[in-house]
Amino acid sequence: MAQKPSIPKGTRDFGPLQMARRNYIFNTIRHTFEKFGYMPLETPSMENLSVLTGKYGDEGDQLLFKILNSGDFLKKTSEADYREGSKQLLPLIAEKGLRYDLTVPFARYVVMNQNDITFPFKRYQIQPVWRADRPQRGRYREFYQCDADVIGTDSLICEAEIVLMITEVFEKLNLKDYIIKINNRKVLTGITEVIGAAGREADFCVAIDKLDKIGHEGVFKELGEKGFSGEAIEKLQPLLALQEAGDSSLDALQQLLESSTTGLKGVKELQAVFELLKAFGAQPKLELDLTLARGLSYYTGAIFEVKPTSVQMGSISGGGRYDDLTGVFGLPGMSGVGFSFGVDRVYDVLEELNLFPEESTVSTQAMLVNFGEKTLSEGLQLLGKLRAAGIRAEIYPEEAKMKKQLAYANKKNIPYVILQGEEEIAKGEITLKNMMSGQQENVNIPAAIQQILS
RNA sequence: GUGAUUGUAGUUCAGUUGGUUAGAACGCCUGAUUGUGGUUCAGGAGGUCGCCGGUUCGAGUCCGGUCUUUCACCCCA
């Protein structure tokens with residue numbers, strides 16, 4: 001019974017062309033990370049659920065892929081557990097889950113290896129993550145993140161260098177239409193204090209984050225629904241006005257947050273990052289955005305997000321500082337900061353803007369036509385010589401009609417085809433055919449190699 | 001998780017109020033050309049109409065469920 005095969009929702013296959021382009025992005029990112037002193041790390045696809053749950057909020061826990069225990073996964077359960085519902089049953093039938101991001105496994109790794117690690121520890125990690133989200137444009141259930149994090153220092157140089165790395169990567173990828181947005185969680189905390197809604201930071205962040213989508217009134221309405229007083233909302237007005245004034249508003253922000261020590265600290269940090277970037281001599285596409293909040297609850301300082309400006313797509317990179325990520329694993333007081341590229345979204349943006357270079361597809365440079373047994377040993381000898389000269393070369397594996405062999409070379413975009421049949425062997429030369437021009441000439445082997453390499 | 005939406009050949013898509021044998025383009029295969037691809041010409045193969053069920057004399061077409069696609073919300077790279 002032949003059945004049509006399929007792949008799970010939100011997952012994709014990547015063919016040779018896509019892989020060439022993805023590797024082009026991966027290599028660019030990896031190269032930049034290494035240039036800034038980050039070292040590679042890989043962690044398992046699956047983690048114990050105890051590591052993952054509770055780190056991403058209730059919403060996040062729902063989006064975790066859980067792995068059914070091997071063997072008889074009902075062994076530890078009773079009918080009573082079943083009646084209690086899925087929340088009770090889950091820990092009994094699933095102990096592992098697929099990682100949801102790379103930051104939490106990194107924190108776990110740091111705690112487990114704290115005695116062997118030299119701090120500050122800078123690591124990068126390029127691996128897939130999984131989320132049981134409903135797929136949408138630019139949103140997949142399996143996608144790659146490219147993280148760079150430094151843990152064990154609260155130096156703001158790290159924040160500035162993150163901006164530099166983002167700038168460098170997109171410059172190398174030739175992507176110009178993007179904006180790096182920066183904000184600081186302490187500023188957001190300060191705002192809630194100033195408007196008299198201290199402690200309501202989470203709800204505040206969710207609402208303010210939607211400003212560009214639902215406008216002032218939408219935000220006010222949502223805050224009202226969540227129980228913010230009319231007075232608090234009223235006090236928010238001058239701050240939103242500041243947001244519209246743009247980048248030059250740091251001084252004004254300082255005045256508005258005068259009564260909040262936390263808020264002022266956030267402003268100072270932001271100022272420091274801008275100044276460090278000036279000292280680097282960098283001119284990044286960086287913009288203060290007071291409405292930038294980001295969902296992940298572990299952020300405590302700077303937060304970043306990168307948005308493409310000419311393509312409709314969610315953020316293609318994001319990150320921030322967390323002061324106590326390793327605390328839940330028993331290592332408190334370890335400040336870190338990091339960020340991540342969403343490669344799959346970067347890919348979609350580059351594709352839409354036609355920014356992939358032609359050469360990103362590496363193919364065979366020369367193909368030998370297979371003339372059958374009589375000439376095979378000469379052919380294989382020649383093939384070896386080509387490869388020894390550093391040429392990507394192949395021989396058509398079967399003695400097929402020349403038409404078929406040439407059609408194969410043509411479809412694979414192989415620029416040179418070499419014909420070495422009995423005629424050529426007798427004369428001690430080969431026929432080198434240029435597939436672009438269609439012209440061919442009889443030459444000796446060194447001349448052919450030189451021609452192919454030129 | 002909530003509410004919509006999509007599915008017909010390898011691909012992109014037609015398909016009339018429900019009516020006989022489901023079409024096109026491109027791609028694929030064969031030949032014109034037994035040592036010459038990309039052009040041209042002639043011919044050919046390929047479809048359980050996503051899957052399961054229902055209504056009907058009759059379903060690609062209508063209804064229900066399910067899977068998948070896309071979109072909005074929630075949230076996020």
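So you know, we letter chains A, B, ... as the sequences are listed, proteins then strands, and number each from 1.
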Separation between the C1' atoms of B:G47 and B:C57, rounded to whole Å: 26 Å

Say we look at B:U6 and B:U61: how far apart would their C1' atoms be, to the nearest angstrom? 16 Å

Under 4.0 Å, heavy atoms only, any strand: does [X] hit a base, just the sugar-phosphate, or nothing?
{"X": "A:Q145", "result": "sugar-phosphate"}
{"X": "A:I316", "result": "sugar-phosphate"}
{"X": "A:V346", "result": "nothing"}
{"X": "A:G10", "result": "sugar-phosphate"}
{"X": "A:Y144", "result": "nothing"}
{"X": "A:G438", "result": "base"}
{"X": "A:E142", "result": "nothing"}
{"X": "A:Q405", "result": "nothing"}
{"X": "A:R131", "result": "base"}
{"X": "A:A409", "result": "nothing"}
{"X": "A:K210", "result": "sugar-phosphate"}

Set of residues satisfying side-chain contact (heavy atoms from CB on, under 4.5 Å) with respect to A:S454, sequence neighbours excluded: none

Round to the nearest Å and state the distance from [X] atom [atom1] to [N] atom [atom2].
{"X": "A:Y396", "N": "B:G37", "atom1": "OH", "atom2": "P", "answer": "14 Å"}
{"X": "A:Q136", "N": "B:C73", "atom1": "CD", "atom2": "C1'", "answer": "9 Å"}
{"X": "A:L175", "N": "B:A77", "atom1": "CG", "atom2": "P", "answer": "18 Å"}
{"X": "A:Q440", "N": "B:G38", "atom1": "CD", "atom2": "C1'", "answer": "14 Å"}
{"X": "A:Y100", "N": "B:C75", "atom1": "OH", "atom2": "C1'", "answer": "7 Å"}
{"X": "A:Q312", "N": "B:C71", "atom1": "CD", "atom2": "C1'", "answer": "11 Å"}
{"X": "A:R345", "N": "B:C75", "atom1": "CZ", "atom2": "C1'", "answer": "11 Å"}

Contact list for residues 304-321 of chain A, test salt bridge (charged side-chain N to carboxylate O under 4.0 Å, His left out), sequence neighbours left out: A:E159-A:R321, A:R294-A:E305

Does A:M435 or A:K404 map to a spot on RNA chain B nearer the 5' end, using the closest nucleotide for each? A:K404

Toward the 5' end of RNA chain B, by each residue's nearest nucleotide, A:Y408 or A:E59: A:Y408

Any side-chain N or O of A:K403 under 4.0 Å from OP1/OP2 of B:U34? no

By ring-ring contact (aromatic ring centres under 6.0 Å, His included), which residues pair with [X], not counting sequence neighbours?
{"X": "A:Y140", "value": "none"}
{"X": "A:F204", "value": "none"}
{"X": "A:Y38", "value": "none"}

Taken in chain and number order and not counting sequence neighbours, the residues that satisfy side-chain hydrogen bond (donor to acceptor under 3.5 Å, both in side chains) with A:D177 are A:S310

With sequence neighbours excluded, residues passing side-chain hydrogen bond (donor to acceptor under 3.5 Å, both in side chains) with A:N174: A:K176

Stems involving RNA chain B, each a run of at least 3 consecutive Watson-Crick or G-U pairs under 3.5 Å: B:1-4 with B:70-73, B:10-13 with B:23-26, B:28-32 with B:40-44, B:50-54 with B:62-66

Under 3.5 Å, which protein N or O atoms sit close to an N or O of nucleotides 4-8 of chain B? Give each pair with its distance.
none

So that I know where these two stand, are A:F228 and A:F220 an aromatic pair - ring centroids less than 6.0 Å apart? no

Below 6.0 angstrom between ring centroids: does that apply to A:F341 and A:F170? yes

Tabulated below should be each protein N or O lying under 3.5 Å from an N or O of nucleotides 42-45 of chain B; please produce it.
none

Counting only heavy atoms not in A:E171, do more than 12 fall under 6.0 Å of its CD? no

Where does the angle between the aromatic ring planes of A:Y299 and A:Y322 fall among parallel (under 30°), tilted (30 to 60°) and perpendicular (over 60°)? tilted

Parallel, tilted or perpendicular: ring planes of A:Y100 versus A:Y56, cut at 30 and 60 degrees: tilted

Would A:F143 count as stacked on B:A77 if the rule is ring centres under 5.5 Å and plane angle under 30°? yes

Residues two or more places apart in sequence or in another chain: which of them pass salt bridge (Lys or Arg N to Asp or Glu O under 4.0 Å) with A:D289? A:K181

Going by modelled atom types, is there a donor-acceptor pair between the base of B:U36 and the side chain of A:K433 at under 3.5 Å? yes

Could you pull out every donor-acceptor pair under 3.5 Å between side chains of residues 405-412 of chain A and any protein atom, sequence neighbours left out?
unit_1, atom_1, unit_2, atom_2, d
A:Q405, OE1, A:N370, N, 2.7
A:Q405, NE2, A:N370, O, 2.9
A:Q405, NE2, A:A400, O, 2.8
A:Y408, OH, A:E394, OE1, 3.0
A:Y408, OH, A:K412, NZ, 3.2
A:K412, NZ, A:E394, OE2, 2.8

